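Everything numeric here is computed off the predicted structure, so don't read it as measured data. Just so it is clear: chains get the letters A, B, ... in the order the sequence lines come, proteins before strands, and each one is counted from 1. Worth knowing before you read on, the calculation uses all heavy atoms, side chains too, and leaves out hydrogens, waters and symmetry mates.
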2 protein chains.
Amino acid sequence: MINKEEYRTRILLTASRIFSHYGFKKTTMEEISRALKKGKSSIYYYFGSKEEIFEAVVLYEANQLRTQLRAAMKEVDSPTDKLRNYIFVRMRAFEKLSNYYNAVFDKNLDHYEFIEKIRSKYDREELAILRLLVYLGNSRGIFDVKDSEYTAMAIQTMLKGMEVPLFWRRREIDINNRLNAILNLIFDGINKRP
Amino acid sequence: MINKEEYRTRILLTASRIFSHYGFKKTTMEEISRALKKGKSSIYYYFGSKEEIFEAVVLYEANQLRTQLRAAMKEVDSPTDKLRNYIFVRMRAFEKLSNYYNAVFDKNLDHYEFIEKIRSKYDREELAILRLLVYLGNSRGIFDVKDSEYTAMAIQTMLKGMEVPLFWRRREIDINNRLNAILNLIFDGINKRP
DNA sequence: GAAATTGTAGACCAATCGGGTCGGAAATTC
DNA sequence: GAATTTCCGACCCGATTGGTCTACAATTTC
């Protein structure tokens with residue numbers, strides 16, 4: 001290992017994989033260390049606690065998501081497509097991350113606060129993006145909304161609404177359908193009628 | 001609940017879902033009972049132990065697989081397609097069941113024996129099916145093999161070979177490719193050259 | 001409607017698990 | 001070869017968990 005930071009990242013990536021599958025509680029330090037072919041105590045040389053690893057993972061995943069979203073939006077040009085891509089990538093990501101949430105909401109309210117902090121920061125970012133997209137579409141004459149701010153908030157509310165059944169109940173089939181329905185709703189309510 | 005057997009099945013189905021996700025060890029009785037909205041001790045009225053539930057689940061899944069395989073083979077007519085369908089369904093099933101195996105191989109060699117018993121019985125069934133398919137294709141003039149028995153065994157060996165990386169390493173991407181490669185290999189080596 | 005049976009669950013127990021510590025052994029650096 | 005960095009086996013101790021037991025609903029039987 002060349003330096004400490006690099007190894008921290010390696011641990012983080014491994015832990016992330018296991019966390020995302022089993023959730024926080026069911027993932028053991030022994031497991032993480034075994035996957036890294038290291039002794040359990042060695043991990044403690046790089047991270048102070050299991051929670052610390054978890055926080056690092058969440059932070060990492062948040063940045064990861066940010067990058068993905070940026071890429072997905074860059075991929076297309078029209079505000080419609082940008083918004084569509086944004087929503088798809090976002091929901092897919094949350095779907096994948098549902099195990100983290102299961103873990104967090106399990107009992108330990110300690111993490112809850114931490115997650116909420118990241119969450120609220122992320123919410124603000126998201127709102128800004130949505131606002132921009134709505135504004136952009138509006139000024140290009142594709143959308144027709146009075147107030148970008150509140151429309152953006154409304155969209156965000158819908159997205160948040162979709163998270164709940166995603167995390168708390170297990171449906172595999174209709175996620176895509178529901179996503180498309182949401183998208184149709186948004187666009188049919190937002191597109192300028194010809 | 002009308003009768004005991006029916007409730008046993010309900011428990012079994014619920015447990016199956018949780019086992020398949022978390023594996024034997026990480027699944028707790030409390031979890032199973034909570035999912036059933038029952039007290040933990042109530043479960044022990046229907047099953048003697050966690051292992052007993054696990055065994056019932058494995059048995060159930062084995063029968064499930066049997067049914068699926070039968071259906072997949074009935075779906076098509078030519079021996080080629082039957083064999084192709086058989087292999088696809090089989091490998092997909094094993095992929096899904098990998099968590100059970102992870103659980104079993106974890107440490108507890110107690111289960112190992114039980115699983116091996118089911119396994120060997122299943123292996124014999126599988127061999128019979130493969131033998132029949134090869135024989136069928138042969139007699140229809142589609143295949144051209146000398147010895148159905150040994151050819152069937154060879155195919156089974158290949159299938160078993162595919163299980164290993166499936167369970168022990170985590171690849172998502174190339175499973176399909178490898179499956180197709182295996183199929184091509186089997187058929188190109190088996191089809192009568194025109 | 002009493003008695004027996006079937007089903008449920010809370011309190012509890014013993015064993016194991018698992019996060020975390022510590023002292024010191026390897027390995028690496030200087 | 002001393003100092004520093006990295007690693008780990010052994011241990012600690014509180015939490016978890018499979019399983020038991022008893023009391024007690026609910027239902028069925030008589």
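In this structure, the helix from dG1(C)-dC30(D) to dC30(C)-dG1(D) shows an angle of 30° between the axis at its start and the axis at its end, each fitted on 5 base pairs and rounded to 10°.
In this entry the distance linking CD of Glu30(B) with P of dT8(C) reads 16 Å, nearest Å. Going from atom NZ of Lys40(A) over to atom C1' of dC7(D) covers 14 Å, rounded to whole Å. Separating the CE atom of Met29(A) from the P atom of dC11(D) is a distance of 21 Å, rounded to the nearest angstrom. Here dT20(D) presents its P atom at 7 Å from OH of Tyr44(B), a figure rounded to the nearest Å. At whole-Å resolution of the value, CD1 in Ile11(A) and C1' in dC7(D) are 11 Å apart.
Nucleic acid contact for Thr27(A): sugar-phosphate only, since backbone atoms but no base atoms lie under 4.0 Å from a heavy atom of the residue.
Sequence order on DNA chain C of the closest nucleotides to Lys26(A) and Gly48(A) puts Lys26(A) first from the 5' end. Each of Ser41(A) and Tyr45(A) was assigned the nucleotide of DNA chain D with the nearest heavy atom; the assignment lying further toward the 5' end belongs to Tyr45(A).
Residues that satisfy the side-chain contact (heavy atoms from CB on, under 4.5 Å) test with Phe47(A), not counting sequence neighbours, are Arg8(A), Ile11(A), Glu52(A), Ile53(A), Ala56(A).
Proximity note for Tyr46(A) (side chain, C-beta onward) versus dT6(D), dG20(C), dG19(D): the nearest is dT6(D). Side-chain proximity of Ser42(B) to dG20(C), dA9(C), dG19(D): nearest is dA9(C).
The pair Glu30(B)-Arg34(B) counts as a salt bridge, with a side-chain nitrogen and a carboxylate oxygen less than 4.0 angstrom apart.
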